[in-house]
Structures are given as C-alpha cells and as structure tokens.
Colleague: 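Encoded as structure tokens, here's the structure I'll be asking about.
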Amino acid sequence: MNDSESNARTAPGAEGGPGLDFIREAVTEDLKSGRYSYVRTRLPPEPNGWMHIGHAKAFSIDYFVAKDFGGTCNLRFDDTNPAKEDMSYVEAIKRDSKWLGLDCGDRLFFASDYYEKLYDLAVKLIKKGVAYVDDLSDQEIREYRGTAVPDKNNITMTPPGRNSPYRDRPVDENLDLFARMRAGEFADGSKTLRAKIDMAHPNLVMRDPVMYRIRREHHYRVGDAWCIYPMYDFQHPLSDALEGVTHSLCSLEYEIHRPLYEWFIREAEVFPSRQIEFSRLNITHTVLSKRWLLRLVQDGVVSGWDDPRMPTIAGLRRRGYTPESIHDFLGRIGIAKTDSLVDIQLLEHCLREDLNRRANRVMAVLRPLKLIIENWPAGTVDELDAVNNPEDASAGTRKVPFSGELWIERDDFAEVPPPKYFRLFPGNSVRLRYGYIVTCTGFDKDPATGEIIAVRCTYDPDTRGGNAPDNRKVKGTIHWVSADRAVPVEARLFDKLFVAERPMDVPEGVDWVTTVNKDSLEALTGAYAEPSLAEAMPGASYQFERLGYFCYDSDSKPGSLVFNRSVSLRDSWAKIEKKQA
RNA sequence: UCCCCGGUUGUGUAAUGGUAGCACAGCAGACUCUGGAUCUGCUUGUGGGGGUUCGAAUCCUCCCUGGGGAACCA
C-alpha cells in the first residue's frame, strides 16, 4: 500500500467518529447493529462507453470500502439494454479498472447471467399480485402516470396518475401473457410488465414502473435468446441481492429510486441489500458524461476514447497520469452528498507531486533557436554529468554531450529583455544547465524577415559543470541540447478541452460541441531532445527540465518519437509575465 | 412552486452541542545550477431570520438558494 492509496480511505474499525466519511460511518453502524455480518459492494458499469474519472471515483469508493471492512467487491456489468452495449466496452472497462488497481479478480459478473432468475422473480411478483402485464403504449404510460401540466403561472404541476385499464388483470392472465411475451408472441413495445404500486404516489418512479419491455434486439452476450429485457429499477436491486451485496453504493441521481429499490427487494423476498448514494464527480473545464464523451469521439473532436485530452481513464493514462496520482486525487476530494465542481488544478497538482518524485529529468528544446559558442574549440565534444532526479539520489547520473552549437529555447533569448527577465540577452550571462556559464555577445537576424536565426555567445572554460569558481551570481539557468547529437522529437502540448469552467452550461440554442477549446492541442514537430531520450520506452515519463512532464506516446515510431505533455511545471515566470501584460 | 436531497473561505472537504481545521488555488517572502522542488507567513467561510441551550456549523422553525425527479436508458 502506498501513501496515495491510504489517502483514499480511512482506517477501518473506528467507532464511526471523526475521520470517516458518511458511507463508512453507515457501514460501521450496520456491522455494529448486526444488520449485516459482512461487507460486499459492487461496481456496476453499463458497458456502453469507456470508463472516465467519475466512474473511477465510484469504483474506488466501492472497492476501498469493501477492502477497509475486510469485505469483497464484485465487478458486475449492468447489461440490460442490448441496443447500446458492446463487448469492446466490457474489455475497455476491465482493462482500465485493473490498471487503476481496482481488480476484482474472479468476482466478475454480468446482469445478463441473471436473466433466467430475474424472470422467475418477476413471475413470483405476478403470482403475489404485485405485477401485471400492461397493453398501454409508452406514450400512454407517460400520460397515465401524470404528465407535466403547466398551470397559469407556468409552474409544473404533477397531478396524480390514473390506473391503467389493464391493471387489474387476473393473475392467471398475467402469467399467461408474460410467458407469451417471452415466447415472442407480441410485437416490440406492445406490452410491458409493470409493478403494481401506486399511481398516485408523490414519487413519480413509484407510479407502477415498467419491469420488462419487449425488444427484439441482439444482445452482445445472450444473443437472440431473449426478446424481453428487464429494466434497471427491477434488475439492479435483485442482482445486488442475488450477489449478496450488502452496500450498493451509487450516485445521487438514484436517490429518488431508493424506495423502489427497497420495494422490489421486499416484494421479491430476497437478500436485503442497502443502497447509499453519494455525489458524482464534476471537474472544471471538462465533461464527465458518457453521452457527451461519446459525441466528442463520434464527431472527431478528439482522436478517440483514449485521446490525451479526454477525462477517460484511457485518456488520462495516455496523457501520462499514473494510477497513484488518480487515487491521490480521489482521496483528496472526499465523499459527500453535496453537488461539487472540483478544480482541475487539483488533479494536475496530484500528478505533478507524483511525477516530481519519480520522473527522471532530461533536457529537450521545444521551440529551438541556435546558440553559437564563438570561442568553443572547433570539433570538440564535452561529456557532462547530469543528475537524473534531484528528488531521488538512487536514480543516478548520466552523460550529456556538449559542443559549440546548441539548441536553446526561443523564449530563453530576448533582443530587448522585459523587466525581471534574467535569461539570455545581449551582454547578459546565463548558466547552461550542467554545462558552462556563457555570455551573450550578439545575435544574427534574417535581413529579410527580421527573424532571429542564431544567438552568439562566449563560454567561460573555468565554469565546467555550471559552477562559478569566483562565486559569481548568475541568475538564470537555461536548458539546451547539443545540435549535432540532438534527437528530433514531436512534442504535443495540451490545454483544457473546454474554455468554459462548466461546459454543460451552454446558452440556449448553442451546440455545446462548438464550445470546445480549438487550441487544446498544439503539436510541435521540430523539437529536439538530448540523446538519452532515444531509448524512451512506452509507459515512460520524464521531466523535460523547466518545461513539464512528458510521456512517451503510442504514436511514436522508430526514429520518430512523440511525447505528450502530461502537465506543465509550476511556472512563476508565467505569472510575472501575466501581471506585466 | 408535486416529491426528494443539499447549502462550511475562490474550490473541495473536516469539526457528530464545547477554540471553525486541512488541502488545492491565490498573495507575500526565503532558498535554489530547473523562474522546478522545498520552506515560511498571509487573506478569505458556517446562506438569512427566529428559537432551544451556559454554549449551536451541529438541534427546532420559517425563509432564501442550488441540484435531482414525470425513459419501454442506466
């Protein structure tokens, strides 16, 4: 167990006092009162999209609550809507949850494996007289339920619903009809099985909810074996019960369904699972909705579910996020019932903190400008020692070649320096990281365009390694790459996917897809890196000194490496610049 | 305003009748061969009114305000 993991939960067994979130408090109480003698949770994804960090929050709550109380956690796919589900999503979700360390092992289940048992339970409810076959159309069901009616003040009122004319069919007839529904005797949508509860119930979901619908749709697992499919409200509590789940943890949107959850469990006389709700995760400048994410993929706004700008687990992984940083983040945001919008900077902070500890440093120049050292002995190369990770001595050192022509960052030279600028400008000295102290003697300009094409300087041979023997104060240190030994690389820089803090809040009539940040991706194809980076492997993360953390991207090919910027370094110069502007 | 659930610094979360704390962000400074890292300090909060109590973020009440709910989706 590492720090970030332990951060994601609190010590189990406490008496329910300070330090426990409200869910762990409730679980503690349930164990103490004897309501349950063990703890079992479940992760219930529907395989209709890839896992995003909002799911990761839910998953980690389920997983760690179980773990904290010595219980177990099931991974169960809630696959009861064949129209939207697919095996590729199952595989993606399994892969991503495993990568996060939320590995349920062989506790892998599918609601579709319970179809037969669920059917039997439906029959049981019919026999008890609390379920009936209805012939109303979907439109009629909505109307009978008590549709919205604007009153004189244009305020939505909800009148009591009316009973369906088929509500009081005899049990035998319901049994017969339901069997024939399954047998495929009726057209899609022509009949439903409904729970007989209360059409005047103030909670709309209790107004005789649909339990089964007829839908001739090929299911990715059961094929064409069924033409009736159970609805979530019926299937979910009973699947939980069948698995002996004690605590069914879900997001706030299901809160209003809890009475129904309890109704089905009571009427079916099955294991009394308990549903507890918490608030779902929202993050600034992004969206955590499968529907929205799917649209981004389908419209080609991003390159796929694993585009590094996506808040999906696959996207975050490709961006360079580590499981540890994600768990750290999830631990810090906590668990509550208030609607929240977490600052994306917190996520980035967690990544920086993790990578600062573990990523090796390397030098790379993103926007190159030639630096010519006029007094460098022609043709000679110096091999300098560079520290791999100042945060971790065991990472060791490496050799970096230095010569008379280097690439430096275009931003690190100014013809006319702005206030407080202490990098290269005519007459000024800077330290070349791990190299020598150089003094700018001038620069070359393209007479036609006015573009600066090279900077000239002299070096001080006594400062090898960057030390000034005379204790001279050199304010600036810049990074560099030897021009003749540089490895050409492509660097991809990312910015927030949406400019707006809350992308969901689009003005009326505006298609939200048009509000994506057009500048969220910047590919720098002419970048150079020090030779050691040629060895970069998939999954590797580096700190490009002074620039940020970068990871090897899967688009890399031998001889043409691509690196994604996971997150920039904290940049206090950027703040000064901003203030000056 | 038919039903349900929430409101603690800018953001997220603690405090479970007894000093309103922590983290991120922000600001200021120290240090530094990354304008990185690290360290120090600072600002800002219990939605409002009444009530109970020696004492209320916490309990009661009214108001205000945000979210969710009327799919043969999950």
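Lettering of chains follows the sequences in order, A, B, ..., and the numbering in each one begins at 1. Note: hydrogens, waters and symmetry copies are ignored here, and every other heavy atom, side chains too, is used.
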Colleague: B/rG10 and B/rC63: how far apart are their C1' atoms, nearest whole angstrom?
Modeller: 27 Å
Colleague: Start at the 5' end of RNA chain B and walk down; is the nucleotide closest to A/I333 or to A/Y549 reached first?
Modeller: A/I333
Colleague: Without decimals, in angstroms, what is the distance between A/R423 CZ and B/rU34 P?
Modeller: 14 Å
Colleague: Applying a 4.0 Å non-hydrogen cut-off, can you work out what A/D78 is touching in the nucleic acid: base, sugar-phosphate, or nothing?
Modeller: sugar-phosphate
Colleague: Would you mind reading off the distance between A/R76 atom CZ and B/rA74 atom P, rounded to a whole angstrom?
Modeller: 12 Å
Colleague: Given atom OH of A/Y166 and atom C1' of B/rC72, what is their separation to the nearest angstrom?
Modeller: 16 Å
Colleague: Nearest 0.5 Å please: distance from the CG atom of A/L347 over to the CG atom of A/D328.
Modeller: 10.0 Å
Colleague: Using the side-chain heavy atoms of A/E391, tell me which of these nucleotides is nearest: B/rG67, B/rG36, B/rG69.
Modeller: B/rG36
Colleague: Out of B/rU13, B/rC72, B/rU34, which has the shortest distance to the side chain of A/R361?
Modeller: B/rU34
Colleague: Roughly how far apart, to the nearest Å, are B/rU46 and B/rA56 at atom C1'?
Modeller: 11 Å
Colleague: For B/rC73 and A/T80 - does any side-chain N or O of the residue sit under 4.0 Å from the phosphate oxygens OP1/OP2?
Modeller: no
Colleague: From NZ of A/K57 over to P of B/rU13, roughly how many Å is that when rounded to an integer?
Modeller: 7 Å
Colleague: Would you mind telling me which of B/rG35, B/rC72, B/rU13 lies closest to the side-chain atoms of A/S137?
Modeller: B/rC72
Colleague: Out of B/rG12, B/rG7, B/rC3, which nucleotide sits closest to the side chain of A/P202?
Modeller: B/rC3
Colleague: Watson-Crick or G-U wobble partner for B/rG35, using a 3.5 Å limit on both distances?
Modeller: none
Colleague: Quick one: look up who B/rA74 pairs with, Watson-Crick or G-U, both distances under 3.5 Å, and put none if it's unpaired.
Modeller: none
Colleague: If we call it a pair only when both distances are under 3.5 Å in a Watson-Crick or G-U wobble match, what pairs with B/rU1?
Modeller: none
Colleague: What interatomic distance, in whole Å, is found between P of B/rU43 and the corresponding atom of B/rU52?
Modeller: 35 Å
Colleague: Going by the angle between their ring planes, with limits at 30° and 60°, are A/H219 and A/Y229 parallel, tilted or perpendicular?
Modeller: parallel
Colleague: Using the ring of A/Y132 (Phe, Tyr or Trp, six-membered ring only), decide whether A/R194 places NZ or CZ under 6.0 Å from its centre and within 45 degrees of its axis.
Modeller: no
Colleague: Against the six-membered ring of A/F110, is A/R221 placed for a cation-pi contact (under 6.0 Å from the centre, within 45° of the normal)?
Modeller: yes
Colleague: Ring-plane angle category for A/W480 and A/F402, please: parallel below 30°, perpendicular beyond 60°, tilted otherwise.
Modeller: perpendicular
Colleague: Would you call the rings of A/F234 and A/F264 parallel, tilted or perpendicular, where under 30° means parallel and over 60° means perpendicular?
Modeller: perpendicular
Colleague: Quote, to the nearest angstrom, the C1' distance that separates B/rG69 from B/rC27.
Modeller: 44 Å
Colleague: Please state how far atom CZ in A/F422 lies from atom C1' in B/rU34, giving the value in whole angstrom units.
Modeller: 11 Å
Colleague: Which whole number of Å gives the distance between the P atom of B/rG68 and that of B/rA30?
Modeller: 48 Å
Colleague: Could you state the CD1-P distance from A/I576 to B/rG35, rounded to the nearest angstrom?
Modeller: 11 Å
Colleague: Please state whether the base of B/rG10 and the side chain of A/Q345 form at least one donor-acceptor pair under 3.5 Å?
Modeller: no
Colleague: Is A/R332 side chain donor-acceptor paired with the B/rU13 base, going by distance under 3.5 Å alone?
Modeller: no
Colleague: Which of these nucleotides, B/rA37, B/rA70, B/rU34, is closest to any side-chain atom of A/R546?
Modeller: B/rU34
Colleague: Could I get the full list of salt bridge (charged side-chain N to carboxylate O under 4.0 Å, His left out) partners for A/D460, not counting sequence neighbours?
Modeller: A/R472
Colleague: Can you sort out which residues in residues 249-261 of chain A have a heavy atom within less than 4.0 Å of RNA chain B? Ascending by number, please.
Modeller: A/E253, A/Y254, A/E255, A/I256, A/H257
Colleague: Just name whichever nucleotide pairs with B/rU11, Watson-Crick or G-U, keeping both distances under 3.5 Å, else none.
Modeller: B/rA23
Colleague: Measure from NZ or CZ of A/R546 to the centre of the six-membered ring of A/W573 and say whether it is under 6.0 Å with the direction within 45° of the ring axis.
Modeller: no
Colleague: Expressed in whole Å, how much space separates the P atoms belonging to B/rC5 and B/rG45?
Modeller: 31 Å
Colleague: Would you call A/R332 and A/E353 a salt bridge, taking side-chain N to carboxylate O under 4.0 Å as the test?
Modeller: yes
Colleague: Would you kindly check whether a donor in the side chain of A/Q543 faces an acceptor in the base of B/rU34, or vice versa, at under 3.5 angstrom?
Modeller: yes
Colleague: Hey, which sits more toward the 5' end of RNA chain B by its nearest nucleotide, A/H349 or A/L136?
Modeller: A/H349
Colleague: C1' atom, B/rU65 versus B/rG49: distance in rounded Å?
Modeller: 15 Å
Colleague: From the set B/rG35, B/rA70, B/rC73, return the single nucleotide nearest to any side-chain atom of A/K420.
Modeller: B/rG35
Colleague: Using atom P in both nucleotides, what's the gap between B/rG50 and B/rU58 to the nearest angstrom?
Modeller: 14 Å
Colleague: Find the distance A/D21:CG to B/rA14:P and express it as a whole number of Å.
Modeller: 7 Å
Colleague: Are A/F64 and A/H327 an aromatic pair, judged by ring center distance below 6.0 Å?
Modeller: yes
Colleague: Take atom CG of A/L346 and atom C1' of B/rU11, then tell me their distance rounded to the nearest Å.
Modeller: 9 Å
